[in-house]
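Structure first, commentary second.
Below, read A as the first sequence line, B as the second, and so on, with proteins coming before strands; counting in each chain starts at 1.
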There are 2 protein chains.
Amino acid sequence: MTPASDLAALAALLADETRAAMCLALLDGRAWTARELAAHAGVAPSTATAHLHRLVEGRLLVERRQGRHRYVQLAGPSVAQLLEDLSARIEPRPTTPRGLRAATASAALSRGRTCYDHLAGRLGVAVTDAMTARGLLDQSGGFALTPAGGAWLTDVLGWDPAEPRPGHRPLVRGCLDWTERRHHLGGLAGAKLCETFFGNGWVTRIGSGRAVRLTPSGRAALRNHLGITLD
Amino acid sequence: MTPASDLAALAALLADETRAAMCLALLDGRAWTARELAAHAGVAPSTATAHLHRLVEGRLLVERRQGRHRYVQLAGPSVAQLLEDLSARIEPRPTTPRGLRAATASAALSRGRTCYDHLAGRLGVAVTDAMTARGLLDQSGGFALTPAGGAWLTDVLGWDPAEPRPGHRPLVRGCLDWTERRHHLGGLAGAKLCETFFGNGWVTRIGSGRAVRLTPSGRAALRNHLGITLD
DNA sequence: GCGATCGTTCGGTGCCGGCCGAACGATCGC
DNA sequence: GCGATCGTTCGGCCGGCACCGAACGATCGC
């Protein structure tokens with residue numbers, strides 16, 4: 001009814017630890033089944049059903065029914081961006097992983113991961129920095145693509161950012177990285193770039209999570225196109 | 001403890017209508033006393049005390065005690081930005097104001113208002129559009145200040161954006177306007193510009209809210225510096 | 001000093017909502 | 001078809017928390 005109650009209703013969707021865990025899991029950009037999310041969050045399937053209903057009703061998630069499965073995913077980049085913005089506000093965690101498994105998993109996440117549909121972690125930041133150093137991105141007054149950057153994207157991705165694009169998702173956007181505390185490249189261009197990294201086999205997912213690994217051909221590509229050497 | 005519980009705890013701060021109303025009121029960028037906020041939200045002073053404690057504890061608000069008064073305000077631009085981002089996600093309201101008072105008040109807000117520390121509403125968007133049309137801002141690939149824009153700021157504000165600045169607040173930033181559904185100029189430059197508008201008497205506040213009115217000298221200034229005519 | 005005002009603490013009340021288990025329809029694989 | 005799996009609905013339990021009023025300390029104006 002009032003703006004305040006609207007804001008409260010939106011915030012209430014994320015104000016429960018179970019729902020928050022579900023949304024954060026969905027930040028990998030993929031569609032999960034209800035049962036997977038229930039197991040991930042550690043609640044009974046009946047409880048998960050209620051939560052997912054609320055999240056879909058609140059337009060944070062969209063669902064796609066397929067046979068006896070109910071797949072659910074984030075409603076779009078703007079939701080992912082909102083979750084990332086909120087996460088970035090949280091004080092940097094003292095990083096005390098329990099054991100070896102947790103330690104290697106968190107190290108892998110710091111090295112490289114996806115942030116919904118673009119690259120993040122040290123890999124994402126390194127790519128962004130190299131693009132800035134080469135004059136492809138301009139971070140001096142905001143976060144913008146230069147003309148040279150447009151040409152570079154056309155060259156590397158075979159995609160011309162100048163061609164008319166649907167929706168009003170920004171072409172580029174600085175997305176605050178919660179491990180590096182610096183910006184990496186988001187927006188439509190970031191998504192296209194990430195798509196190419198996967199399509200060309202430059203990165204592969206590690207297991208089933210958000211962590212990614214740079215392949216040897218990816219290392220070569222970074223050297224060729226950006227002149228940087230990683231790891 | 002876990003990222004999910006952190007996110008839930010942050011969201012829970014805004015998940016209550018009373019706290020949401022308090023935060024939205026504080027979006028005017030000024031400091032309010034506890035009692036003012038209690039009256040605004042329609043709760044007893046004792047209730048307001050508890051809410052303000054939670055908001056300060058959660059670092060969304062900062063307090064400054066002065067005599068027997070306790071002034072409270074938003075913890076910074078990043079909090080304001082977060083609130084604006086959340087508000088922008090809320091579906092556009094059918095705008096059915098109750099009576100004449102409400103109608104004129106909401107019309108005034110649409111015409112021009114402050115968005116924490118910069119200009120918003122039709123006024124804010126018009127200034128942003130004019131700056132873009134004159135090549136001072138570049139919105140083609142992101143949201144960035146051009147070299148000509150830097151010179152213009154130095155000329156109009158007497159403030160050189162190239163000089164080293166403290167903190168890591170972005171120089172310019174596109175802030176989604178919740179009445180116009182388009183971007184207006186935020187960030188440090190937006191704040192400086194707004195400061196100049198007030199300092200030169202180009203705009204004045206209407207009553208005690210966020211609404212602002214363009215003065216005759218402000219109209220002249222817009223014509224001189226940006227070549228636009230409003231209202 | 002004294003009354004008025006601001007903010008706080010404390011006890012008590014009531015409700016919202018998260019959780020589970022059990023039972024049930026829908027779909028899949030064989 | 002038949003059992004197994006996925007998701008849902010329903011009832012019931014329980015804890016958290018938003019709210020108020022009353023009483024109290026602190027500060028201001030006179």
> Among all residues two or more places apart in sequence or in another chain, which pass the side-chain hydrogen bond (donor to acceptor under 3.5 Å, both in side chains) test with A:Glu180?
Replying inline: none
> Under the salt bridge (charged side-chain N to carboxylate O under 4.0 Å, His left out) test, which residues partner A:Arg210, sequence neighbours left out?
Replying inline: A:Glu84
> Taking CD from A:Glu17 and C1' from D:dC17, how many angstroms apart are they, rounded to a whole number?
Replying inline: 17 Å
> What is the distance, rounded to the nearest whole Å, between atom NE2 of A:His53 and atom C1' of D:dC6?
Replying inline: 13 Å
> If you measure from CG on A:Leu86 to CG on B:Leu82, what distance do you get to the nearest 0.5 Å?
Replying inline: 5.0 Å
Atom pairs under 3.5 Å, N or O on each side, protein against nucleotides 12-15 of chain D: can you list them with distances?
none

>> For B:Arg182, give me all partners under side-chain hydrogen bond (donor to acceptor under 3.5 Å, both in side chains), at least two apart in sequence or on another chain.
In response: B:Asp129
> Looking at residues 26-35 of chain B, who's got a heavy atom less than 4.0 Å off DNA chain C?
Replying inline: B:Thr33, B:Ala34, B:Arg35
>> Side-chain N or O of A:Thr49 versus OP1/OP2 of D:dT8: is the shortest distance under 4.0 Å?
In response: yes
> Do any pairs count as a salt bridge (charged side-chain N to carboxylate O under 4.0 Å, His left out) and have a residue in residues 64-82 of chain A, sequence neighbours left out, and if so which ones?
Replying inline: A:Glu63-A:Arg65, A:Glu63-A:Arg70
> Which letters describe nucleotides 14-30 of chain C, given B = protein heavy atom under 4.0 Å from base, S = only from sugar-phosphate, - = neither?
Replying inline: ----SSBB-----BS--
> For the side-chain contact (heavy atoms from CB on, under 4.5 Å) test, which of A:Leu222, A:Thr114, A:Thr204, A:Leu157 pairs with A:Phe197?
Replying inline: A:Leu222
>> My understanding is that only residues two or more places apart in sequence, or in another chain, count here; which of them pass salt bridge (charged side-chain N to carboxylate O under 4.0 Å, His left out) with B:Arg219?
In response: none
> Quick one: side-chain hydrogen bond (donor to acceptor under 3.5 Å, both in side chains) pairs with a partner in residues 192-203 of chain B, sequence neighbours left out?
Replying inline: none
Side chains of residues 14-30 of chain A: which donor-acceptor partners sit under 3.5 Å, not counting sequence neighbours?
residue : atom : partner  : partner atom : Å
A:Asp16 : OD2  : A:Thr18  : N            : 3.0
A:Asp16 : OD2  : A:Arg19  : N            : 3.1
A:Arg19 : NE   : A:Leu13  : O            : 2.7
A:Arg19 : NH1  : A:His51  : ND1          : 3.1
A:Arg19 : NH2  : A:Ala12  : O            : 2.9
A:Asp28 : OD1  : A:Arg30  : N            : 2.9
A:Asp28 : OD1  : A:Trp32  : NE1          : 3.4
A:Asp28 : OD2  : A:Arg30  : NE           : 3.2
A:Asp28 : OD2  : A:Arg30  : NH2          : 3.2
A:Asp28 : OD2  : A:Trp32  : NE1          : 3.2
A:Arg30 : NH2  : A:Ser208 : O            : 2.5
A:Arg30 : NH2  : A:Gly209 : O            : 3.1

>> As a check on the pairing definition, encode DNA chain D in dot-bracket form, counting Watson-Crick and G-U wobble pairs whose two distances are under 3.5 Å, and using | for partners outside this strand.
In response: ||||||||||||||||||||||||||||||
> Are A:Asp85 and A:Arg173 ion-paired here, with the side-chain N under 4.0 Å from a carboxylate O?
Replying inline: yes
> Considering residues at least two apart in sequence or located in another chain, which fulfil the side-chain hydrogen bond (donor to acceptor under 3.5 Å, both in side chains) criterion with B:Arg111?
Replying inline: none
> When rounded to the nearest 0.5 angstrom, what distance separates CG in B:Leu109 from CH2 in B:Trp178?
Replying inline: 5.5 Å
>> Using 0.5 Å steps for rounding, measure from the CG atom of A:Asp177 to the NE2 atom of A:His184.
In response: 5.5 Å
